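Worksheet: the structure to be examined is printed underneath.
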Amino acid sequence: MPQRPPPPHDATELLARAEALAGHRLGDLAVWLDLDVPADLRRHKGWVGQLLELALGAESGSLAEPDFPQLGIELKSLPVDAQGRPRESTYVCTAPLEAVTRGAWEESWLARKLARVLWVPVEAEAALPLAERRIGTPLLWSPDAEEATLLRRDWEELTERICHGELAAITARFGEVLQIRPKAAHSRVLTRTVNSEGELEWVNPRGFYLRPHFTGAILRRHFDLPTA
DNA sequence: TGATGATCATTA
DNA sequence: TAATGATCATCA
């Protein structure tokens, strides 16, 4: 493998690259890419995702667009336990808090980001040193009809509440497959929203997250994994 | 033990 | 500040 591959030309090439990584350990990738493996992820929370970006040829940067803009594909690493079940929720995108108009689901930032996702499972058991964690078989996924319906339903309900200035009432308990949670370096980071009185208010930024049971169902639908 | 709310690093 | 990459830490 080249040390830092250029962007893939098409989805097939991207998937082939990801499949070539399956079974290898994070420490192997770090060597190939000439990167140091942190002792733990406490102060390097995005390290695994960025390692995969480099290994697959994604353009680095924190732009509000898919990791592979030409292909319309979003890359997501998915921390899984020994049974292949996701251990964490998956961040998708920032939740719009200020200029929220009732747009169509199809045109939403969320729907566009989730239109095509390359899921890369990565072992993530606390006892397993970072360098020894293995990369799993990747999955190039698009929502099926049922998944799209679930996502759309949650998105519409949550967006509606924000439209009504009810952000303050939204907790992570809303949403069957999708949730809104704080997304910031710390609780003092503020962004603007409009409350139910129509007044400007400063609140902690939020993001849309996929619940683990949803991403777990995606893996089970495509791979023959235990239901438990 | 799982889910929620809080937090960390980096780039533009 | 706001977007990206996420996991941490606490509590029910």
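Residue numbers start from 1 in every chain, and the chains themselves are labelled A, B, ... in the order their sequence lines are given, proteins ahead of strands. The basis for the numbers below is simple: all heavy atoms, side chains too, and nothing from hydrogens, waters or symmetry mates. A quick note: this is a predicted structure, and the numbers were derived from the prediction, not measured.
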Nucleotide nearest Gln179(A) (side chain, heavy atoms from C-beta), chosen from dT4(B), dC8(B), dT4(C): dT4(B)
His164(A) side chain to Thr159(A) backbone, donor-acceptor under 3.5 Å: no
Ala124(A) backbone acceptor or donor facing Arg87(A) side chain under 3.5 Å: yes
Exercise: identify the closest heavy-atom pair between Leu178(A) and Asp154(A): N-OD2, 3.0 Å
Nearest heavy atoms of Phe68(A) and Pro8(A), plus distance in Å: CE2-CD, 3.6 Å
Protein proximity profile, nucleotides 5-10 of chain C - base contact B, sugar-phosphate-only contact S, no contact -, cut-off 4.0 Å on heavy atoms: BBBBS-
Rounding to an integer number of Å, can you tell me how far [X] [atom1] sits from [N] [atom2]?
X	N	atom1	atom2	value
Glu125(A)	dT1(B)	CD	P	12 Å
Phe174(A)	dA3(B)	CZ	C1'	15 Å
Ile73(A)	dT4(C)	CD1	C1'	18 Å
Ile180(A)	dG5(B)	CD1	C1'	14 Å
Leu51(A)	dT4(C)	CG	C1'	16 Å
Arg188(A)	dT1(C)	CZ	C1'	15 Å

Any Thr94(A) side-chain nitrogen or oxygen under 4.0 Å from OP1 or OP2 of dT4(C): yes
Is [X] touching bases, backbone alone, or none of the nucleic acid, heavy atoms closer than 4.0 Å?
X	answer
Trp109(A)	sugar-phosphate
Arg173(A)	sugar-phosphate
Ala185(A)	base

Lys76(A)/Glu74(A) ion pair, N-O < 4.0 Å: yes
Donor-acceptor pair between Thr171(A) and Arg181(A) side chains, under 3.5 angstrom: no
Pair Leu14(A)-Leu118(A), side-chain contact (heavy atoms from CB on, under 4.5 Å): steps then yes or no: CA-CA 9 Å; Leu14(A) 173 59; Leu118(A) 180 65; 3.8 Å; yes
